[in-house]
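Notes follow the structure.
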2 protein chains.
Amino acid sequence: MFAPTDTQTIRDLIDRLTRLAAAEEWNGPLNPSQFAALGYLARANRFSRAPSHVADFLATTRGTASQTLKALARKDLIAETRSDEDKRSIRYDVTPAGLEMLEGPSSLEKVIDTLSPEVAASLASSLKALVLTMLHQRGGRSFGMCRTCCHHEVTETGGHCRLLNVPLSPADAAQLCHEHTPAESLQP
Amino acid sequence: MFAPTDTQTIRDLIDRLTRLAAAEEWNGPLNPSQFAALGYLARANRFSRAPSHVADFLATTRGTASQTLKALARKDLIAETRSDEDKRSIRYDVTPAGLEMLEGPSSLEKVIDTLSPEVAASLASSLKALVLTMLHQRGGRSFGMCRTCCHHEVTETGGHCRLLNVPLSPADAAQLCHEHTPAESLQP
DNA sequence: CCTTATTAGTAGCGAGTCGAAACTATTGCA
DNA sequence: TGCAATAGTTTCGACTCGCTACTAATAAGG
């Protein structure tokens, strides 16, 4: 009876939803890109907080990511730390003021909360499939949590990353990693 | 077994999907906003193609919409027509060159096409619910098609809009309208 | 060792988004 | 007739975004 749910409709709905959220949300003095970068930094592990990782995550260039991070740093929401091992690389950590920015649900989140758990679960799995397919097509990284990664190993003390060869606390294992590669038959 | 599908995850997936699509898509010389505006104009009826309508649809201001439309006009993808009844108002029509831009599925659309019809239908209905709730909250307009509008009336020759008091061809009735108000128990 | 890559991050450019505010016309109302 | 509302534009400042060119540091190979 109803139209064949054409592809364009779904595309439009996603676009419109994002625009509505962006118009409404505008969390304090942060625009959507800055908010997304800040949110990523807050959830990424200490090996994945460099400008290039943010660029990968936001599907943009290093140049753009660099500027977004500088804008966040100017507002003291993140702080830069230069690495000792590799003097080229930089790590940005979220400051307490930055964490404050991330508090409280956005208006889009409030709306998502009105969905029933079943509908929400189904929505999440569909979106996840779309994101993974897009990532696969462009050779992008998945940025999942360490505990769903093929390089992750459970030990007595917590976990261990076989790729970087470092121990991981349970808190570490729940953060996003740039090197994440989904283990077989596990949702990323 | 799996996590309680937290709200933030869904928010993130939508954001990430939009960013991936924006990075990939970049349809010719058009950025996402211009593409969205062009797509809207192509699907809106002749009473809904003014800058203020585009602003409403894109959930932005008239000033921003005005600039986006000027950019499209500079590229000869849309053409401006001043109204005779109301000398303030302007209507933008999509040119043949503009229609060409809209041809062919975007990469996001290609990915959406890989979903099964059932999953796609479920995804569409969830997204529709989210968009409607967001719109309801901010008092925005739904921009549905005339044939799902409470002002629409079926006649022998096609349709009729009770609000604007104008006849509508079947093609008209399938376009988006700024004045659209969902009829009860019909998906918009 | 020393010379190339290669890599990480940055600066600058030009086009454009975006909100906000100020500013023309034009129309509506009282 | 006069004032308020409306439609659209302009300008401003901050920012995104891709791009190119650039510096500094590390890696690789002869």
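Order of the sequence lines fixes the chain letters, A, B, ..., with proteins taken first and strands second; residue numbering starts at 1 for each chain. Since we're looking at a predicted model, the values are computed, not measured.
For D:dT16, neither phosphate oxygen OP1 nor OP2 lies less than 4.0 angstrom from any side-chain nitrogen or oxygen of A:Thr64. Contact annotation: B:Thr68 reaches the phosphate of C:dT17 (side-chain N/O to OP1 or OP2, under 4.0 Å). Side-chain nitrogen and oxygen atoms of A:Lys87 include none within less than 4.0 Å of the OP1 or OP2 phosphate oxygen of C:dA8. Within the 4.0 Å cut-off from OP1 or OP2 of C:dA15, not a single side-chain nitrogen or oxygen of B:Asn31 is found. In terms of phosphate contacts, A:Ser89 brings no side-chain nitrogen or oxygen within less than 4.0 Å of OP1 or OP2 of C:dA8. At D:dA7, none of the side-chain N or O atoms of B:Ser52 fall inside 4.0 Å of OP1 or OP2 (strictly under the cut-off). An OP1 or OP2 oxygen of C:dA15 is reached within less than 4.0 angstrom by no side-chain nitrogen or oxygen of B:Lys70. In this structure, A:Thr60 reaches the D:dG18 phosphate: one of its side-chain N or O atoms is under 4.0 Å from OP1 or OP2.
Evaluated for a side-chain contact (heavy atoms from CB on, under 4.5 Å) with B:Leu17, the options B:Ile112, B:Leu108, B:Asp12 yield exactly one hit, B:Leu108.
Among D:dT16, D:dG18, D:dT9, the nucleotide with an atom closest to any side-chain atom of B:Tyr92 is D:dT9.
Going from atom CD of A:Gln34 over to atom P of D:dC15 covers 6 Å, rounded to whole Å. One can place CD of B:Glu85 at 16 Å from C1' of D:dT6, the figure rounded to the nearest angstrom. A straight line from CD of B:Gln67 to P of C:dA20 spans 14 Å, rounded to a whole angstrom. When rounded to the nearest whole Å, the span between CZ of B:Phe35 and C1' of C:dA15 equals 19 Å. Rounded to an integer number of Å, the gap from B:Leu72 CG to C:dT17 C1' is 13 Å. Rounded to an integer number of Å, the gap from CG of B:Asp84 to C1' of C:dT27 is 15 Å. The CZ atom of B:Arg74 sits 10 Å away from the P atom of D:dT10 (whole-angstrom rounding). Taking atom CZ of A:Arg49 as the reference point, atom C1' of C:dG9 lies 18 Å away to the nearest angstrom.
If you check every strand for non-hydrogen atoms under 4.0 Å, B:Ala22 touches nothing. Using a 4.0 Å heavy-atom distance criterion, B:Arg19 is classed as a sugar-phosphate-only contact. Using a 4.0 Å heavy-atom distance criterion, B:Ala50 is classed as a sugar-phosphate-only contact.
Side-chain N/O atoms of A:Arg62 and base N/O atoms of C:dG9 include a donor-acceptor pair closer than 3.5 Å. Put simply, the side chain of B:Arg88 and the base of D:dT6 share a donor and an acceptor less than 3.5 Å apart. Remark: the B:Ser66 side chain and the D:dG8 base include no donor-acceptor N/O pair separated by less than 3.5 Å.
In this structure, the side chain of A:Arg162 engages the main chain of A:Cys150 through a donor-acceptor pair within 3.5 Å.
Between A:Ile90 and B:Ser33, it is A:Ile90 whose nearest contact on DNA chain C lies nearer the 5' terminus. Nucleotides of DNA chain D nearest to A:Ala71 and B:Arg82 differ in position, and the one nearer the 5' end is that of B:Arg82.
Taking each heavy atom of B:Ala23 and A:Arg138 in turn, the nearest pair found is CB-NH2, 3.5 Å. Closest approach of B:Phe47 and B:His53 over heavy atoms only: O-CE1, 3.1 Å. The heavy-atom pair separating B:Thr7 from A:Asp113 by the smallest distance is OG1-OD1, 2.6 Å.
Classification of A:Asp93 and A:Arg46 as a salt-bridged pair fails, no side-chain N sitting under 4.0 Å from a carboxylate O.
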